[in-house]
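Reading through the structure tokens given below for one structure.
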Protein chains: 2
Amino acid sequence: MKQHFSSVWTREPRTAKSPGLDRAQIVREATALLDAEGLDALSMRRLGARLGSGATSIYWHVANKDELLELVLDEVYGELTVLDVQETTWRDSASSFAYSMRQVLLSHPWVINLIGTIPSIGPNAILLMTRLVATFDHAGFRGLDQDYAASTLMAYVAGVTTPEISWRTMMERTGLGSNELNAALHPLVEEVAAGHPELTARYAEFREVDVETARALNFEFGLTCLLDGLEARLNRAASAPAPVSADPGATPPPRPSLH
Amino acid sequence: MKQHFSSVWTREPRTAKSPGLDRAQIVREATALLDAEGLDALSMRRLGARLGSGATSIYWHVANKDELLELVLDEVYGELTVLDVQETTWRDSASSFAYSMRQVLLSHPWVINLIGTIPSIGPNAILLMTRLVATFDHAGFRGLDQDYAASTLMAYVAGVTTPEISWRTMMERTGLGSNELNAALHPLVEEVAAGHPELTARYAEFREVDVETARALNFEFGLTCLLDGLEARLNRAASAPAPVSADPGATPPPRPSLH
DNA sequence: AGTGGAATCGAACACTGTACGAGTCGAACG
DNA sequence: CGTTCGACTCGTACAGTGTTCGATTCCACT
């Protein structure tokens, strides 16, 4: 374990004493390009053009395109905030964090595609995680449960926002409004439901619901369930006074995997 | 709304009366290539080589690379199964589905990167969703709540599995074992925690926990919370007898977004 | 035998990430 | 002041990408 494990975060950024390119500027412009035109539109040449410099000049400040993406991703993590635990209940803090995270993801749709590829180990990501963990510490969770709770919350938000983003991308690609798209897609589910006649009636109703508000309700539904579940566990732990922390040598999950 | 909204699923596959290439074969081989070497390794030329045919021949059976990805994605959805609602409790059904979904995602790590890009509207995806919805119908949920519950569950599993996959990818890229990688990454979190001295002690403990079992416990933790939350809502609805279904004209989420 | 569609494929185009080496610039030094 | 050296920029080039297009092969059926 001698060597430090090379990464953007271990390496120093280039000294910025010249008025030319700059890591911060590169990251900023890359984010702007990503927001405006999506992940596929970000190429080193286009980014260079936007910066008014040659494409390969970027490689002096950043080793890779992947490394650049690590930087922009962590920049987005920096946009996420957690309320101070002293000012609110843990539940409000967690809930408002969830809503703000959803908002940030929706305004940077490309982020969802990165978190599956790029490791989230930048300073902002780590800092955010510790703040969220502090919230659950304040709530009464102990040991690793704090981390489990935090990562569960983030997992839910990321997961539930994913189809929402893919939906919006599809709307942009087709130029359809959300309810139009819903109607246009309906033949597909009808065809599948053809084999199961008891479903067609149910699916017929779906054409009528407003997709946007359904998505919002869906988000709130799952979030409430999750917070309720966390709260229940908290109360349970309060009655049973010996919440033994995770044993590293324990066997894998109690419910065996099915494969 | 005249035109049908063109997609792989609306178009008929090429008639397969010749012994040459075949949509099914292409999809199968593409999946194998993806499993073996990851998303970046899938190029039309390499896939063609694997099929013993020219790269561009594939375009006779499939319009796009994107369309091909839609097909392979839906094929993976086909691997997911839901227990028959008659045979178990809804909770066991949901729980075992979650575990099997996690297993499938871990064995096809590239899937996570697709669900953010490719819409999940294939027949297998829809069929799976209806089966899951049936589980929650059996549980006692009514109206759109069934869909909310189902999509919440899937969102959680996808979301919580994402960092796990990115972790494994990182392990493969660096060739480190999971605990070695944990130790190698530790300097990063230490540097961030340097400004907050109360955290260093806590983070020091982290180097000792076994990452794999922590991940498994994390999964189980969040899943239990979620199912508990769902169950609580179910009981609440049972006491209050008028669970009015979602009103399309309702205002956006009760808790306003923070942006 | 001949015709017509199904299917395959090679060449070409515009584009990608990035290695390399030549070039520019500004400051420090003799 | 001239030189040198590092920081920095960038043009060129290479291997690879998805996809189009037109030519070609192949086979079933008249």
Side-chain angles (χ1 to χ4, degrees), chain A residues 6-8 11-30 33-34 36-73 110 113-114 117-118 169 173, chain B residues 6-8 11-30 33-34 36-73 110 113-114 117-118 169 173:
Chain A
S6 155
S7 131
V8 217
R11 218 173 321 117
E12 285 295 306
R14 297 295 191 176
T15 63
K17 44 183 161 189
S18 97
L21 279 185
D22 186 358
R23 225 188 221 190
Q25 187 191 355
I26 292 173
V27 169
R28 196 178 339 120
E29 221 61 42
L33 183 51
L34 285 166
E37 308 194 44
L39 200 58
D40 294 339
L42 178 69
S43 79
M44 298 306 261
R45 281 176 248 262
R46 292 196 56 176
L47 179 56
R50 215 186 156 104
L51 288 161
S53 73
T56 58
S57 308
I58 303 172
Y59 284 89
W60 178 257
H61 305 272
V62 156
N64 275 342
K65 190 183 182 182
D66 282 343
E67 215 176 83
L68 171 60
L69 292 177
E70 277 190 65
L71 291 170
V72 288
L73 178 58
W110 42 274
N113 298 59
L114 290 189
T117 315
I118 310 279
T169 310
R173 238 198 357 244
Chain B
S6 155
S7 132
V8 217
R11 219 173 318 118
E12 284 295 306
R14 297 294 190 178
T15 63
K17 45 183 163 187
S18 96
L21 280 184
D22 186 358
R23 224 186 222 192
Q25 187 192 355
I26 292 174
V27 169
R28 196 178 339 120
E29 219 62 41
L33 184 53
L34 286 166
E37 309 194 44
L39 201 61
D40 294 338
L42 178 69
S43 79
M44 300 305 263
R45 281 177 247 263
R46 291 195 57 176
L47 179 57
R50 214 186 156 105
L51 288 162
S53 72
T56 57
S57 307
I58 303 172
Y59 285 89
W60 178 256
H61 304 272
V62 156
N64 274 343
K65 188 182 183 185
D66 282 342
E67 214 177 83
L68 172 60
L69 290 176
E70 277 190 66
L71 291 170
V72 289
L73 178 58
W110 42 272
N113 298 58
L114 290 189
T117 315
I118 310 278
T169 310
R173 237 197 359 243

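Convention: sequence-line order gives letters A, B, ...; per-chain numbering from 1.
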* side chain to side chain contact (heavy atoms under 4.5 Å, CB included) evaluation trace for B:L114 with B:L39 -> CA-CA 9 Å; B:L114 290 189; B:L39 201 61; 4.1 Å; yes

* B:A55: side chain to side chain contact (heavy atoms under 4.5 Å, CB included) partners, not counting sequence neighbours -> B:R45

* Asked: Can you check the A:D40 CG to D:dT17 C1' distance for me, whole Å?
  -> 13 Å

* Asked: Given A:L68 and A:L47, is the side chain to side chain contact (heavy atoms under 4.5 Å, CB included) satisfied, shown in steps?
  -> CA-CA 11 Å; A:L68 171 60; A:L47 179 56; 3.6 Å; yes

* To do: Dump the intermediate steps for side chain to side chain contact (heavy atoms under 4.5 Å, CB included) on A:R11 and A:E67, then the final yes or no.
  => CA-CA 11 Å; A:R11 218 173 321 117; A:E67 215 176 83; 2.8 Å; yes

* When rounded to the nearest 0.5 angstrom, what distance separates OG in A:S57 from CG in A:L21? -> 6.0 Å

* Asked: Per the atom types in the model, does the base of D:dG16 pair as donor or acceptor with the side chain of B:R45 at under 3.5 Å?
  -> no

* Looking at B:S43, does any N or O in its side chain come under 4.0 Å of the phosphate oxygens OP1/OP2 on D:dT17? -> yes

* Asked: Among C:dC9, D:dT19, D:dC10, which nucleotide sits nearest the side chain of B:S53?
  -> C:dC9

* To the nearest Å, how far apart are A:E67 CD and C:dG17 P? -> 15 Å

* Have a look at A:L42 and say if it touches a base, only the backbone sugar-phosphate, or nothing, with a 4.0 Å heavy-atom cut-off. => sugar-phosphate

* Interatomic distance where CG belongs to B:L21 and P belongs to C:dC9 [whole Å] -> 7 Å

* Structure fact -> Residue pair B:G52/A:M44 against DNA chain C: nearer the 5' end by closest nucleotide is B:G52

* If you round to the nearest 0.5 Å, how far is CG of A:L42 from CG of A:L69? -> 6.5 Å

* Structure fact -> B:L47 CG to C:dC9 C1', in whole Å, measures 15 Å

* To do: Just do the side chain to side chain contact (heavy atoms under 4.5 Å, CB included) check on A:V8 and A:R23 with the steps written out, would you?
  => CA-CA 11 Å; A:V8 217; A:R23 225 188 221 190; 3.8 Å; yes

* To do: Report the distance from atom NZ of A:K65 to atom P of D:dG16, rounded to the nearest whole Å.
  => 18 Å

* What integer distance in Å separates A:L68:CG from C:dG17:P? -> 10 Å

* **Value in whole Å for how far the C1' atom of D:dC8 lies from CZ of A:R23** => 15 Å

* In residues 54-64 of chain B, which ones come under 4.0 Å of DNA chain C, going by heavy atoms? -> B:G54, B:T56, B:S57, B:W60, B:H61

* Five pairs at each end of the helix from C:dA1-D:dT30 to C:dG30-D:dC1: take the axis at both ends and give me the angle between them to 10°. => 30°

